[in-house]
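Down below is the structure, laid out as structure tokens.
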Amino acid sequence: MQPRIDDGTDGREPTPALRPLKVSIRRATAADAELLADLARKIFIDTFGPQNTPENIALHVARMYAPDIQRRELNSESKTYLVAEVDGQAAGFAMLGDCESGSCREFDAPIELFRFYIDKPWHGFGIAQPLMDACDEEARARGGRTLCLSVWEHNSRARRFYDKIGFRDVGAQSFLLGEDIQTDRVMVRELVATGTR
């Protein structure tokens, strides 16, 4: 099952006055397991909690976000975590890697974007685009020619962002949130060579 995506944008470009002076993107290490688990729980609850039952949110968070779970993912050669920081403070993260979802396997050399999360206090500060650029670079380094993700059908803010940066909707797949079977939209974008965008 492909984890749900939240890009943390509302589809608008932030004004220059709101942009941080420096967004840095780094590759996460096993030492980041607790940071990533805490950040993922917080962002997931902030993003999806208001539209879902507390019981289903709690079940999902317990299944997906705990330091031991993130540590296993960090130690996997098939996945890469990227952390977006502003002045040393984590503002968001992404996880991508070898394709696991059947809905993505049909595309040319697919790399799957499993998570793309921006923390709510950083919405509108221009974090999403540099993080996505880093995802593109990592996907190309892995030999990918297509980036694939899934996003909740009701997450219109995230869907607008992906539309804007060239992802196209190619279908639907199920997503189990706790005990609730929901529908995600599958979106893909071809990866262009560096410098040709």
Side-chain angles (χ1 to χ4, degrees), residues 1-9 20 22-50 52 54-101 104 110-123 125-144 147-152 155 158 161 175-180 182 184:
M1 173 193 359
Q2 190 176 36
R4 181 160 286 162
I5 299 288
D6 173 43
D7 75 335
T9 74
K22 182 171 176 115
V23 178
S24 60
I25 311 294
R26 66 174 176 84
R27 186 180 293 258
T29 69
D32 292 306
E34 191 167 332
L35 165 76
L36 290 166
D38 290 345
L39 193 56
R41 279 193 301 266
K42 178 182 183 301
I43 295 171
F44 197 90
I45 291 167
D46 284 350
T47 303
F48 302 110
N52 293 280
E55 296 80 11
N56 282 326
I57 291 289
L59 272 173
H60 180 81
V61 166
R63 289 176 186 155
M64 300 299 292
Y65 307 124
D68 286 346
I69 297 168
Q70 272 58 71
R71 195 170 291 109
R72 280 194 303 274
E73 292 170 343
L74 285 160
N75 287 327
S76 169
E77 291 185 8
S78 68
K79 293 181 174 69
T80 298
Y81 266 102
L82 300 171
V83 180
E85 295 179 328
V86 179
D87 297 329
Q89 179 183 350
F93 71 90
M95 184 180 79
L96 68 160
D98 297 348
C99 183
E100 295 178 3
S101 172
C104 292
I111 297 296
E112 196 159 356
L113 183 57
F114 300 103
R115 298 188 187 115
F116 190 81
Y117 291 174
I118 306 296
D119 198 6
K120 195 169 189 175
W122 293 103
H123 288 190
F125 280 75
I127 309 295
Q129 190 60 61
L131 183 57
M132 184 59 76
D133 291 344
C135 289
D136 286 351
E137 186 178 330
E138 174 65 22
R140 285 191 296 265
R142 286 178 166 270
L147 195 58
C148 181
L149 60 85
S150 72
V151 58
W152 190 26
N155 191 346
F161 172 74
F175 181 88
L176 182 63
L177 181 78
E179 296 180 347
D180 183 24
Q182 301 184 349
D184 278 4

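Separation of atoms CD1 (I69) and CG (L74) is listed at 12.0 Å; rounding is to 0.5 Å. Note that CG of D136 is 8.0 Å distant from CD of Q129, once rounded to the nearest 0.5 Å. Distance CD/E73 to OG/S78: 9.0 Å, rounded to 0.5 Å. Distance check: K120 NZ to T47 OG1 gives 7.5 Å after rounding to the nearest 0.5 Å. Separation of atoms CG (L147) and CZ (R142) is listed at 11.5 Å; rounding is to 0.5 Å. For the atom pair NZ of K79 and CZ of R72, the computed distance is 10.5 Å after rounding to the nearest 0.5 Å.
Using a distance-only test at 3.5 Å, with no hydrogens or angles considered, no donor-acceptor pair links the side chain of E85 to the main chain of G92. A donor-acceptor pair under 3.5 Å is absent between the side-chain atoms of D119 and the main chain of A91, judged by distance alone. Proximity of a side-chain donor or acceptor of N52 to a complementary backbone N or O of F48 within less than 3.5 Å is detected. Remark: side-chain polar atoms of E112 are paired, donor with acceptor, to backbone N or O of S101 under 3.5 angstrom. Judged by distance alone, with hydrogens and angles left aside, the side-chain atoms of R63 form a donor-acceptor pair with the main-chain N or O of G178 at under 3.5 Å.
The only option from R27, R26, R115 that meets the side-chain hydrogen bond (donor to acceptor under 3.5 Å, both in side chains) definition with Y81 turns out to be R115.
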> Given the rule in the side-chain contact (heavy atoms from CB on, under 4.5 Å) test, do I43 and I118 qualify, once you have shown the distances and angles that lead to the verdict?
Replying inline: CA-CA 7 Å; I43 295 171; I118 306 296; 5.9 Å; no

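Between Y65 and A37, the shortest heavy-atom contact is CB-O, 4.0 Å. Scanning all heavy atoms of the two residues, the minimum distance from L131 to Y117 falls at CD2-O, 4.4 Å. The heavy-atom pair separating G97 from F114 by the smallest distance is N-CE1, 3.6 Å. In this structure, I25 and A84 approach most closely via the heavy-atom pair CD1-CB, 3.6 Å. Heavy-atom minimum distance, F161 versus A128: CZ-CB, 3.7 Å. For the pair A94 and L113, the tightest heavy-atom approach, listed with the atom from each and the gap, is CB-CD1, 4.2 Å.
Ion pairing of D38 with K42 is absent here, as no side-chain N (NZ or NE/NH1/NH2) approaches a carboxylate O to less than 4.0 Å.
SG atoms of C104 and C148 are separated by less than 2.5 angstrom, consistent with a disulfide link.
Residues F125 and V86 form no side-chain contact, since every pair of their non-hydrogen atoms from C-beta on lies 4.5 Å or further apart.
Ring geometry for H60 against F175 counts as tilted: the plane angle lies between 30° and 60°, on a 0 to 90° scale.
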